[in-house]
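Take a look at the structure set out below.
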Amino acid sequence: MPDPVGKLPSELDQLPDRDAEETAEWAASLDAVTEHAGPHRAAYLMRRTLQHAESAGVPVPALLETDYLNTIPTAAEPAFDGDEAMETRIAGWNRWNAAAMVTRGARLGVGGHIATFASAAWLYETGFNHFFRGKEGEGSGDQLYIQGHASPGIYARAFLDGRLTEEHLDNFRQEAGGKGLPSYPHPRRLPWLWEFPTVSMGLGPLSAIYQARFNRYLTNRGIKDTSASHVWAFLGDGEMDEPESTAALALAAREGLDNLTFVINCNLQRLDGPVRANFKIVQELESQFRGAGWNVVKSLWGSAWDELFALDTTGALVRRLRAVPDAQFQTYATRDVAYIREHFFGAEPALAELAKLLTDAKIAECFHTSRGGHEARKVYAAYRAALAHKGAPTVVLAQTVKGYTLGAGFESRNANHQMKKLSGEQFRAMRDLLELPIPDSTLNEELVPYAHPGADSPEVRYLQERRAELGGPAPARRVHAVALPQPSEKAFQSVYKGSGKQSVATTMAFVRLVKDLMRDKETGRRWVPIVPDEARTFGMEALFPSAGIYSPLGQTYDPVDRDQIMYYKEAKDGQILNEGITEAGSMADFIAAATSYATHGETMIPFYIFYSMFGWQRTGDQMWQLADQLGKGFIVGATAGRTTLTGEGLQHADGHSHLLAATNPASLNYDPAFAYEIAVIVKDGLRRMYGPDAEDVFYYLTVYNEPMPQPAMPEGVEEGIVKGLYRFKEGVPAKADAPRLQLLASGTAIHWALEAQELLAAEWGVTADVWSATSWGELRREALECDEALLRGEQRTPYVTRALEGAQGPVLAVSDWMRQVPDQISQWVEQDYSSLGTDGFGLSDTREAARRHFGVDARSITVAALAQLARRGEVPASSVKEARERYGL
């Protein structure tokens, strides 16, 4: 309860005060300063006291927010290691060509973004000239997550250093001919340049954190020393609204990832307007990152502001800068000096007096263009501070003007993200500002020229020399040999034998297989098991003591279950990545491991296992990111299907992940029915992804948690398993003219189909062949390839058509998925085709009741089969009615 004067209790009230009189004296001193010098002086003294305490090692909580000033004062900036005039000319050429490329493309209507790079040019140039390590030096180089909308500037720089030609630039966003440039960073479209796809906002920062963490994982496990690699993530302040952008900040701080730097371009604008119109995004981000444990470096003001701060003897300027909301500050950047004098400096007398000492030119320079993110020395100082800080990641908050150097029509305008071109007049003004030697005669209004100082010019030589010192071109992606030796047959053979009389869920069968593969002398250590805090659900606790759970601290405590065989073991060289309750973090882990063959030249074999409902539905955008980044590995949707985990209810019931997965061209999707099918699929996956002719694909396997007898593998089924369909059990007709049909089933549905096969034979005299459809998606993929071949004049019959050729009777397909999943193959099946599935929402009940509800249990399959035969006149219609009544349907 608050006391009579409204003072709220705090944790300090619970601590003993050994000298209450001394405490009262400190409080009285503060009261006196507040009364005689004002609250601002009191606040200043408190901050200086806290700062002194921190430097003296006194354990006091740190402030979450500092004044709206540069972290590094001008006097403390390090010496600039380069030729600033030369780098300014290089930046000018890049600015020009980025704008020219987008403007030339705009005449064709392909779009493009100019303003983002214009604001961030020095953030990149300073890094390329002084900090970003290339891949031709020692180690793996740095990993650069480039802001997607800044790609024109990166292309412009690659053009300047000779890696791209004018033809490339003229094919920006025109990729169909094979010579184009993708609109945004995209490894699949431009694999020699881009490493990381970043334009799906929020995924870049999340992936950057887990990439930095995976770098440490590789080092701690002895796979590769990545200590010289640094991860740089370039982000927009508006992008930080995405929940993924800040989802893992605490992880980065908790694990001390000082190999990671976020550079947030704070131009105060998002796509439609101000990021924080009535607030201050820089201050908000500072509090958020400091609170999460990050080191924060602010680079807000250019050198033109030094004079203003020197004149601010009362602190009025600093207070005003902190009070002005972002949207108003954007207005200052677009208005004349008279407006600024009235509305900014007129806010209090001390500011008005300060303004009298300033020329109009000085005020215009400060408020229109002078930002910390636009000066090489300011950015250089911030980056040096970031690399020097140890024990925590760093975020650099760099304030810029969106559309900087593009002219008054662009700079700080709300609509500049959608503005795609400059006029001839605007280009002339830009040329003059950048002091580029481009004659008026070349400035065609319709086709502004690209500009290049020459391959042997001082600018190009300087650029290339700087990059050579830093380890070669950047950004760059290097593809290293992927091939791994195939593991021993022993692990697979044990699964081929089946489980005998023991009932085993395919989830458990997969885990046992991988556990054995992790023992392989050649490739075992390259497996990366990833799980979002559900390892025990999937039977993975047996891996804890043998493989260990990765932690950079090891195990600093005695686990509560230490006396048990499968105790919870953490280790610095642990192999398992147990991420807690974060599917997004687990997928980011997977992407880092799945692309390590390119990033670090170390091929890893990740498998990520999760509740299938929380994979493609929850983190589907990251599955596409994985495909974009050419990742390889096994994604495993456990407890799969709509009826295998029904006690959990609707939100855990997955009947559609295979539909979502089918939309991704890089995903090979399987729904195996038996353990031996899993072994065949995994073995083939290791060949396709990690063999001599490695493909840029990944596997999605769904496995069920329902314990069932696992049969031994029949002879000669391997090809059918891989291709997606084979006859598992042929029906034996009771008489020669018995009606016949084909039952196709996948995953757990194979067991209902086998029971239906027996019911049809025993009670209705109908013969059914049961087929295992291991992959509806792969059957469709191959059939589509055959259709495409037909357009080229090649006659190819789809595998599914050939497999079912001559099979008697209609086809009834059944699965634990929506009917659209098996219906993917219907157009290539020559027989009459129908399907059963689990359309609609899931529900909580027993497996049997849920299957009856959806009409996919054995009795429902039996009735559906009879109805299909009755429509063909092969059984009496009365049999269907009789079966419904007998089975209570």
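Side-chain atoms are counted along with the backbone in the values below, which use heavy atoms only and exclude waters and symmetry mates. All residue numbers refer to positions in the sequence shown, counting from 1.
Defined by atom type and a distance below 3.5 Å, a donor-acceptor pair is present between the side-chain atoms of Gln625 and Ser207. Thr643 and Asp816 form a side-chain donor-acceptor contact under 3.5 Å, judged by distance and modelled atom types alone. Residues Asp823 and Ser826 bring no donor and acceptor atom of their side chains to less than 3.5 Å of each other. Under 3.5 Å, the side chains of Glu778 and Ser775 contain no donor-acceptor pair of N or O atoms. Side chain to side chain, Glu583 and Thr619 fail the donor-acceptor criterion of an N or O pair below 3.5 Å. In this structure, a donor-acceptor pair under 3.5 Å is present between the side chains of His658 and Thr702. Using modelled atom types, one finds no donor on one side chain facing an acceptor on the other under 3.5 Å when comparing Thr644 with Glu706.
Ring geometry, Phe492 versus Tyr496: the interplanar angle falls under 30°, so the pair is classed parallel (tilted spans 30 to 60°). Between Tyr568 and Phe544, the ring-plane angle classifies as perpendicular under the 30° and 60° cut-offs. Taking the six-membered ring for Trp and thresholds of 30 and 60 degrees, Tyr611 and Phe538 have ring planes more than 60 degrees apart, a perpendicular arrangement. By the 30° and 60° cut-offs, the orientation of the rings of Tyr700 relative to Phe610 is parallel.
For Phe728 and Phe674, the gap between ring centers is short of 6.0 Å.
Using a cut-off of 4.0 Å between Lys/Arg side-chain N and Asp/Glu carboxylate O, Arg851 and Glu848 are scored as not salt-bridged. A salt bridge links Arg740 with Asp769; the closest basic N to acidic carboxylate O contact falls under 4.0 Å.
Not counting sequence neighbours, Phe590 has no partner by the ring pair (Phe, Tyr, Trp, His ring centres under 6.0 Å) test.
The minimum heavy-atom distance linking Ala738 with Thr767 is given by the pair CB-OG1, 3.9 Å.
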Enumerate, atom names and distances included, each donor-acceptor pair closer than 3.5 Å involving a side-chain atom of residues 500-510, sequence neighbours excluded.
{"unit_1": "Thr506", "atom_1": "OG1", "unit_2": "Tyr704", "atom_2": "N", "d": "2.8"}
{"unit_1": "Thr506", "atom_1": "OG1", "unit_2": "Tyr704", "atom_2": "O", "d": "3.4"}
{"unit_1": "Thr507", "atom_1": "OG1", "unit_2": "Tyr704", "atom_2": "O", "d": "3.0"}

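Relative to the six-membered ring of Phe698, Lys632 misses at least one condition, a distance below 6.0 Å or an angle of at most 45° to the axis.
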